[in-house]
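Heads up: the structure comes next, in structure tokens.
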Amino acid sequence: MALRKVKGNLERMFDKNLTDLVRGIRNNKDNEAKYIAQCIEEIKLELRQDNISVKSNAVAKLTYLQMLGYDISWAGFNIIEVMSSPKFTHKRIGYLAASQSFHQDTELLMLTTNMIRKDLNSQGQYDAGVALSGLACFIGPDLARDLANDIMTLLASTKPYLRKKAVLMMYKVFLRFPEALRPAFPRLREKLEDPDSGVQSAAVNVVCELARKNPKNYLSLAPVFFKLMTTSTNNWMLIKIIKLFGALTPLEPRLGKKLIEPLTNLIHSTSAMSLLYECINTVIAVLISISSGMPNHSASIQLCVQKLRILIEDTDQNLKYLGLLAMSKILRTHPKSVQAHKDLILQCLDDKDESIRLRALDLLYGMVSKKTLMEIVKRLMVHMDKAEGTSYRDELLSKIVQICSQGNYQYITNFEWYVSVLVELTRVEALGRQGSLVAGQLLDVGIRVAAIRPFATRQMALLLDNAHFLASGAGGSSGDGTTTGCGALASSVAEVLHAAAWICGEFSQHLPSPVSTLEAMLRGGRLPSLPGHTQAVFVHNVLKLFAAVMARPKNEGGDPETIDKLSDLLLEKLPYFASSGDLEVQERASSALQIVKLLAQKRKRHREKGKKVGGLLDGMGEETLGEGEGSGGEEDPYTAEFIALFRGELNPVAPKAQKKVQVPDGLDLDAWINDPPSESSESEEEVGENLFGTSERGGLKLFASELYVRGSHHPVSQNLSEEEMQKRREARRLELANNPHYLKGSSKKVNDNSVADIPVAPIELTTPLHIAGLVSSDKYLDLDRKKSSRKGREKKVKGRKKGKRSSREVNNGVSASDDDEVSPMHVVNTDIGEMPEGVEPSEGEEEDSRPSDDPHRALDINLDEPLRDEEKLPVAKHRAGAEEEGGGEGVLVEDGEVQEAVEEEGVKKKGKKSKKKKANKEAEREDGRKRKKGRKKEKVEGDAERLDVGVIKDSIGEPAPESNKASEDIDMWLIRSEQLEVEGEVKKVVSGGKKRGKHKGGGGDDPSSSSANKEATQKRRRSKRKEGAGEVGGGGDEGSKVSSKEGYEEAAGISTPSKEAVSEDAADGGEEWKLCRMRKLAEDKALLLTCEWRGSSILEQGAIAVNAGVVLVNRGAWPLRRLDLNLSESPSVKQLNGPSTMDSLMGEATGLQVQLLPPGASTEIAFSLTVSEPTSPHKLRATLTYILDQGDAGSSHEKLDMWLVVPCSAYLLGPSIVGGQMSEGSFADLLSSGDLGHRRSLSLASSTVHMTFSQVLKMLCACVGGLTLVEQVGDSASLYARSAIGHHVCMLAKASGQPVVLNLDAKSDCDALLVHLLEELRTTLSPHLS
Amino acid sequence: MIKAILVFNNHGKPRLSKFYQYFTEDMQQQIIKETFQLVSKRDDNVCNFLEGGSLIGGSDYKLIYRHYATLYFVFCVDSSESELGILDLIQVFVETLDKCFENVCELDLIFHVDKVHYILNELVMGGMVLETNMTEILTRIEEQNKLEKQEDSVVHFNASSNIIVAGLAAAPARAVSAVKNMNIPQQIKDMKLPDLPQAIKDLKF
């Protein structure tokens, strides 16, 4: 007891932690809300304390409460406080709370920018990681703009963990700040080839998300993805890539063709179901995009369908579901192949799993035929009765409508059946939102199928008669039938009543008893549950019916007494509508009322006048006017006029017609016609929308009655004689007959025949709602079955019908599907509907289907266009000072360097003098250096510095020429794939006898690999550059600068050594040239890195070991400590004797270290790399980190990023090994043996005269280590090299002319090696020669 | 993209909710409720995909879920995600939880929802799959936990030195806050923890 008391005190003294809170809530189940309210009060107190631990505890508790649905945004400021704590524990809690409760519009986020930036740049990778995770959830436009740069910097982090997160983060940045996409994209693209597979996968993920919404902008990445697809084994990534290709193929059918093969291979080989499924999906997408022209086209389809069948038959419901899902995609283009599996799909329709049934439903519409439609719909109707849950029922209903109405009702043979199906659907309880769909179908069928009108009208009249019953019956199930209870349930019925009223009004001539229908409408229209627009249609159609009654002959109900009675009834009932709350109803009712009033008045007056004239005429009139226009035609012109209001046929209007109406010249729709109104009539507009919007479904846009185009409506003036009217009527009939849009005249005759064939449905009395006269669709099913048994007899009749119909069918473009053996009983009008004159119905503007608030709209950005200068990420200005402390930290520093470069450039332009001055300046700076070749070195550095700038610029944005090529590249890539086979054959024939040709043009004819092709384009580009440089000539500064920038592409700075041609003292002696092989890697103020390749040796399995030495020179004034060179390995290049394999397992880069480097000293790091594809150059990312010890000023961490390129010459064996073995004789033997099947040539023009051939040769051998001079005879020499894996390279060098033109003719048994080697030679030598 | 990740039990009580698109708290609760209603009425032997969540997403979105004992794990994703891939991801998530909590049960999720969030953050970031390799995920989580523990011990050290500095003469309030720093409440509860969860388990499950 005492203990509990003590504990209670403690409890009060110490705050609750999260566990206590959770426990407390669980213990207070009965009054949870109260308990939590109390806890929130406590939390508020805790938040007021200064102690950050208490605060973070409180925030942790709030995060929990947020999950339970409590708004915690009031604590936003405290959350930010906790986020800003230096402790990881608190930070994590803070960021979690922020990610749960903040969103992009949270205003408090303004306060967080700098704090988050600090976290992003934090030393600890988990601080930055937590910040990124949180930021991904709440980043808004402002944060995205301000932090884009910092996140970009993280893309280059040495830690894969951060790179990975930063890559994903970029996607969020793009969404919120689309301007970042273009400047950042090149970096992102680089990440596709990141050495870490996690980063790669993340980059693929981001590009996929981007490309999904705007695929066309990412087409140029197809080659990269293709390569990834064929090389990667990461299933996650493969799935994403394959999905991406699925989005790209519709835009580029050639891509699809290229994809088919690898995808089919994957389908055959993979064991991962997820991958198999995505492959099938993409193959389907490909097959859809290339409709024909594939040789093994049907084979692929068959493969897919087979595999899908296996999936569907699987016991795993998930696979079944996915199989059906993919099947529905095939169905769209290849229905025949799916129809073969009809049994399977029908089976799935009875599956217990709703998801699977839904998917099977999707497939159904491809399964139906004229024969099976009724069966299948019957089945669905049974499901409908059983279905629980509105969404499935809705789906069922819309599917029934869809499969019936597809192809302009092409599968429906009996429309009476369809109408009765629709009527039955009306009676299904809880029609849901689908009422308007059924209504639309009823209207559509009524209008398009003239023959069904009598039947449909009769059914609709029955519906109207029982409207009150239907509406309240539906309502009754939900309550007592009160007005409120009817609500949603009745409204769907109301939609159908809307259609019923319209059909009865429009086709009133088919009504058995228009008077009673009219009465029913007046009765039903007053039902309180009817919405306004339905009531309005009721009112209008009452008027139409009234006119129709008047138009009837006397003996059929059109006698004056009935009319008088009706008009009295109308006058009595219409005021009710006129007082409706709905404006539309009010307006219509008022005008209807006035018309009826006016008519009644006129009739009365006329009758009085008629009586005055005499009774004799009356009798005569009756005899002569037996079946004329109306009952009192001659005696009552007003009646005739009234009837004329609703005369004429209505034509369907095409869905787009309204949009296509052209604005006449001189009409300015935006100008005010009158003065701007003080208060707009918005409410009316709303009503209008509502009215027209309700029946938009179905093939045609079916406006409410008044929007139909009344065919040639002639206002009949009062003094028209009967003869004249007769004439006009005749003319109209003629006009109608000639107008293809009017169907009535001719089809009516057909109707007369077909109506006779239609079995008149007996009245079904067992329907759920017991509405007499409504037929059941089952009847038709039975009939159909019976009919098929007496088909023989039917056939004759059919033949007759067909003959009459044929002309119409040709007109309407309906192909009679004879293979089905079942002929339709009714004709469907399949016109697309009326369009304004001079407008082509086919031209359809594809509208952007994305919702207007979709952020991807803003991301529709062309990424291939070169970057403009102003397109840069905003840089945080106040952090300019970071340059000193931050070292080589990416973009921030770049600005500074760029500026420096600009200055330098300015200096250079002044001419040689200033160049020298500059050199001197640099010499001063690098005082302590011991190298003798000072001046020349500096020159190297000067260039390299600019080159660095180039690199940085490149990494922000691609250089113009590169990006212009992007679209060209993809084209070449695709074309190559098409030509590959053909070329391959040609190649075989030509192979040996191929002309020497200029190297420049060698782009297109290299079939070896796509990478080689890329190489070739680059080569072309580069050779262009070279010409440019040549033109510039002596002042070639600019030219070479550009080319050095260009060189980054593949050889970041390394292959571009000093371009100062030949220094006088260096002309002789290969020793001097040896320096050529020292390639500069990187430099900053304190350090210079050069790299030399020192031969190679063979390892097992075609891989070789390459030895390298990196020389580090401390050219600053301070000692450097803990220099650590990190090489990030790529799949084809790995470190041989790296410190440990553990590190690489952990995803860390391998490191090479030097503890101390005093000022002026130099040291060397030697290492070996294994290269698995020693035929082309490889590129590795390397990072050097070190501590700059500035004595009193403290020390700073520095970082230097560089690309380490392993050139082809590094794969060659050293001259010492090869040289001895190769004599002139064996060289000749080798050449003549025919083993060397590949031949390439290269010519280099030298602009300097004072260089002998032997000097050139020396230079050649020195620059490319491994090349041995076999023999020199006069102006020609033979050279030889052998790669570590045994490929031979023989070269014949010839010099001619003055200045020297060096022609190299090379042969090898490995084309790739040869190409790359020559390329390397050219890039290395051309600066020396020019 | 993943739009939301929800974990709730057989009675619809939320155990974890992570929305990668903004919804108000009320809306979030409604979504959880609706999702629960959709998912809970399905048998265990039907497929794990579900369409028709009206509140979240729309036609492009699917619910992909798995049912483990008392818990439902539901991912709401759009069409850019592979259905089977997400099922895999759920499995990875649960297995990771199992490793981290050693035989995970609902109680772990109830009392350590924050940790579950941290684990989830290593799998999914901002609606995109971050990592699927379990060893990598576990390494990251462990390293972060280590970091937290280090800080914790530093806190303890500081706290005790605080007491020494403050001495007996210091104001009691200050002493209390210093003691708080030591996370004593946690320690007290930590001591009880081994038997407590078992007791709760016996009582309520």
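Every chain is numbered from 1, with letters handed out A, B, ... down the list of sequences. Note that these values count all heavy atoms, side chains included, but never hydrogens, waters or copies made by symmetry. These figures come from a predicted structure and were not determined experimentally.
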- Item | Exercise: identify the closest heavy-atom pair between B/Met125 and A/Leu132 | CE-O, 3.8 Å
- Query: Are the side chains of B/Tyr118 and A/Val130 in touch, meaning some heavy atoms are under 4.5 Å apart?
  - Reply: no
- Query: Heavy-atom distance under 4.5 Å between the side chains of B/Asp114 and A/Thr63, does that happen here?
  - Reply: no
- Please answer whether the main-chain N or O of B/Asn48 pairs with a side-chain N or O of A/Gln317 as donor and acceptor at a distance below 3.5 Å. no
- Item | Heavy-atom pair with the smallest gap, counting every atom of B/Arg42 and A/Ser355 | NH1-OG, 3.2 Å
- Evaluate the side-chain proximity of A/Leu322 to B/Phe49: yes if any heavy-atom separation is below 4.5 Å, no if none is. yes
- Query: Would a 4.5 Å heavy-atom cut-off, applied to side chains only, mark A/Tyr277 and B/Ser82 as touching?
  - Reply: no
- Message: Please classify the contact of A/Tyr321 with chain B as side chain, backbone, both or neither, using a heavy-atom distance under 4.5 Å.
- Response: side chain
- Between B/Glu151 (side chain) and A/Thr89 (backbone), is there a donor-acceptor pair under 3.5 Å? yes
- Note on the structure: Taking every heavy atom of A/Trp236 against every heavy atom of B/Ile86, the minimum-distance pair comes out as CH2-N, 4.4 Å
- Count the heavy atoms of every other residue, nucleotide or ligand shown that sit under 6.0 Å from NZ of B/Lys146, and state whether that count exceeds 12. no
- Item | Nearest-0.5 Å distance that lies between atom CD in B/Gln29 and atom OH in A/Tyr70 | 9.0 Å
- Query: Are A/Leu325 and B/Lys62 side-chain neighbours, meaning at least one heavy-atom pair lies under 4.5 Å?
  - Reply: yes
- Interface check, chain A: of B/Asp26, B/Val129, B/Ile32, B/Val124, most non-hydrogen pairs under 4.5 Å belong to B/Val129
- Task: Taking the side chain as every heavy atom from C-beta outward, state whether A/Met67 and B/His117 have any pair of such atoms under 4.5 Å apart.
- Result: no
- Message: Only pairs of heavy atoms separated by less than 4.5 Å count here; which of B/Lys13, B/Glu122, B/Gln28, B/Met1 has the most with chain A?
- Response: B/Met1
- Task: State, with a plain yes or no, whether a side-chain heavy atom of B/Leu84 is found less than 4.5 Å away from one of A/Leu319.
- Result: yes
- Separation of A/Ser201 OG from B/Met128 CE (nearest 0.5 Å): 11.0 Å
- Search all heavy atoms of B/Asn121 against all heavy atoms of A/Ser133 and return the closest pair with its distance. O-OG, 4.0 Å
- Task: Against chain A, work out which of B/Val113, B/Asp43, B/Leu147 has the most heavy-atom pairs shorter than 4.5 Å and name it.
- Result: B/Leu147
- Task: Answer yes or no: is there a side-chain heavy-atom contact under 4.5 Å between B/His112 and A/Leu18?
- Result: no
- Is there a donor-acceptor pair under 3.5 Å between the side chain of A/Asp353 and the backbone N or O of B/Cys47? yes
- Task: Go through the atoms of A/Leu168 and report whether side chain, backbone, both or neither lie under 4.5 Å from a heavy atom of chain B.
- Result: both
- Query: Does the pair A/Lys87/B/Glu148 count as a salt bridge with the N-to-O cut at 4.0 Å?
  - Reply: no
- Message: Is it the case that the side chain of A/Lys243 and the backbone of B/Ser79 share a donor-acceptor pair, with hydrogens and angles ignored and the cut-off at 3.5 Å?
- Response: yes
- Message: Return the OH to OG distance between B/Tyr20 and A/Ser99, rounded to the nearest 0.5 Å.
- Response: 8.0 Å
- Item | Trace of the side-chain contact (heavy atoms from CB on, under 4.5 Å) decision for B/Asp78 with A/Arg212 | CA-CA 11 Å; B/Asp78 68 10; A/Arg212 200 164 69 95; 2.8 Å; yes
- Minimal non-hydrogen separation, B/Pro14 against A/Leu68, with atom names: CG-CD2, 4.4 Å
- For A/Lys240 and B/Ser80 the tightest heavy-atom approach is NZ-O, 3.3 Å
